[in-house]
2 protein chains.
Amino acid sequence: MKKKIAEDALKDLSTEEKIKEAARKLFTQKGYAQVKTRDIAAEAGINLALLNYYFRSKEKLFELIMMENFKKFMDGISVKVVDEKIPIAEKLQRIVEDYIDFLTKHPDLPLFILNELRSNPSIIAARIDTEVRPIRSHLINQLQEAIKAGTIEPIEPFHFMANLVGLTIFPFIGRPILQRVINVNDEKFHQLMQERKKLIPLWINAILHTKKNLN
Amino acid sequence: MKKKIAEDALKDLSTEEKIKEAARKLFTQKGYAQVKTRDIAAEAGINLALLNYYFRSKEKLFELIMMENFKKFMDGISVKVVDEKIPIAEKLQRIVEDYIDFLTKHPDLPLFILNELRSNPSIIAARIDTEVRPIRSHLINQLQEAIKAGTIEPIEPFHFMANLVGLTIFPFIGRPILQRVINVNDEKFHQLMQERKKLIPLWINAILHTKKNLN
DNA sequence: AAAATATTTAATCAAATGATTAATTCAGCG
DNA sequence: CGCTGAATTAATCATTTGATTAAATATTTT
């Protein structure tokens, strides 16, 4: 019964949770094939057999992490967006702000999801239909109403969505390249991401008022 | 000596080239760890031992593909951009058009590079310094001159670059999600990408004329 | 405390995987 | 042809890797 003096960072967790945390970290960072069960065991500081004892197999454990990650990713999008009847400009501000906060906390998630989606389209595909479509349709409807009302210029919903998501997520995905090319340190990077919370809505707004968006 | 009647698509190549092509396809699509040497041998239609005979090891072969991919990725950026003294608006048109054509031909490259860069920062880092910096500095210089001249509103070079690259590349990276969320078929997708050749420069231009780009 | 149950460990297994070897076939050349 | 080196093959090796087992330890229940 040695008293553990704040030993291994967050490691006063149960064995099961230690394994899951280690798996989450490694899988999310490197993907399924790159991570060996022994890596997870080492990272969690537990015996290899315990992984199978608690989670039956590497694949089962991965699927668990996968689903949790995907849920996280989706929740990051959907919060506070669906029901409220606020104007689109203000809604964009909230979406972008929330999602940049989210990406700051989970910078590895987008690449994980994109990779998973490429190598395993079917599993995630279904969840997109059920979980993302509602949000999309709500937002896109609002967009199209604004177009009809003449408030903004016509634009393909695909372009609108690609721009919104691209402007928000890409800096985090492309961070290693961008930061090196433009020569920006970590502190400056985060400062810039905070700026983008205000700037992206402005830019999207500018885009939505640019003529000749169609044809 | 059976006459091969246009047998296996592009497979009148030498054995060495067959292996390389198979490796390029699989590595670029799935990454190093997911691809087994036996997969490459099968895809190339050759005996497993030939892989080591020609390329010594899986790792050597991967590094070769890696470097070629990276070079491709960089050439995609740098063409026609550096020296010419054309105005920034027109230069953007060329960059975007060239790069969308390039991405249409090599849609798997961005994700490959981003993954490689995350798991292996050092190797590629050096090449960014030598190969990308010159282009960057030229383009950024031109941007900052335009800002000084009052032609465009002030903007952080990082934001400018992230927006340009993000708007151009992200639709290709996020294609599986976007296409499903917005419900766009493959033909429509390519049509939209062609549209973006004209639209992205317009949008960037709108962004560059948005006030309060800096806090 | 004793029994029962849950957790943990060390050792080992079987399959997968990267690599090598030795033998065989092929191609060019005198 | 018959020789020579390159190309190819089948078989095998050694290591890695996911998984299992049986024994040991800890915890809970009675």
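Throughout, protein chains are lettered first and strands after them, A, B, ... in sequence-line order, and every chain is numbered starting at 1. We use all heavy atoms of the structure for the numbers below, so side chains are in, but hydrogens, waters and symmetry mates are not.
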Rounded to whole Å, the CG-P distance (A:Leu50 to D:dA24) equals 17 Å
To the nearest angstrom, the CD1-P distance between B:Ile19 and D:dT9 comes to 10 Å
Looking at A:Asp108 and A:Lys30, does any basic side-chain N land under 4.0 Å from a carboxylate oxygen?
no
| field | Phosphate contact (D:dT8 OP1 or OP2) by B:Thr15 side-chain N/O below 4.0 Å | value | yes
Scan nucleotides 13-19 of chain D against the protein and return all N/O pairs shorter than 3.5 Å with their distances rounded to 0.1 Å.
from: D:dG18; atom 1: OP1; to: A:Lys58; atom 2: NZ; distance (Å): 3.0
from: D:dG18; atom 1: OP2; to: A:Thr37; atom 2: N; distance (Å): 2.6
from: D:dG18; atom 1: OP2; to: A:Thr37; atom 2: OG1; distance (Å): 2.7
from: D:dG18; atom 1: N7; to: A:Arg38; atom 2: NH1; distance (Å): 2.8
from: D:dG18; atom 1: O6; to: A:Arg38; atom 2: NH2; distance (Å): 3.1
from: D:dA19; atom 1: OP2; to: A:Lys58; atom 2: N; distance (Å): 2.7

* Are the aromatic rings of A:Phe170 and B:Phe170 close, with centres under 6.0 Å apart? -> no
Rounded to whole Å, CG of B:Asn47 lies from C1' of C:dT20 at a distance of 12 Å
B:Ala49 has its side chain closest, among C:dT21, C:dT9, D:dT8, to C:dT21
Begin from the C-alpha positions of A:Glu63 and A:Phe55 and carry the test side-chain contact (heavy atoms from CB on, under 4.5 Å) through to its verdict. CA-CA 10 Å; A:Glu63 275 170 27; A:Phe55 297 95; over 6 Å; no
Check your understanding: Checking all strands, does B:Phe55 fall into the base, sugar-phosphate, or nothing category for heavy-atom contacts under 4.0 angstrom?
Key -> nothing
Of the candidates D:dT9, C:dA6, D:dT8, the side chain of B:Tyr53 sits closest to D:dT8
* Within-4.5 Å side-chain heavy-atom neighbours: A:Asp98 and A:Phe102 -> no
Lys/Arg cation over aromatic B:Tyr32: B:Lys58, 6.0 Å, 45° cone:
yes
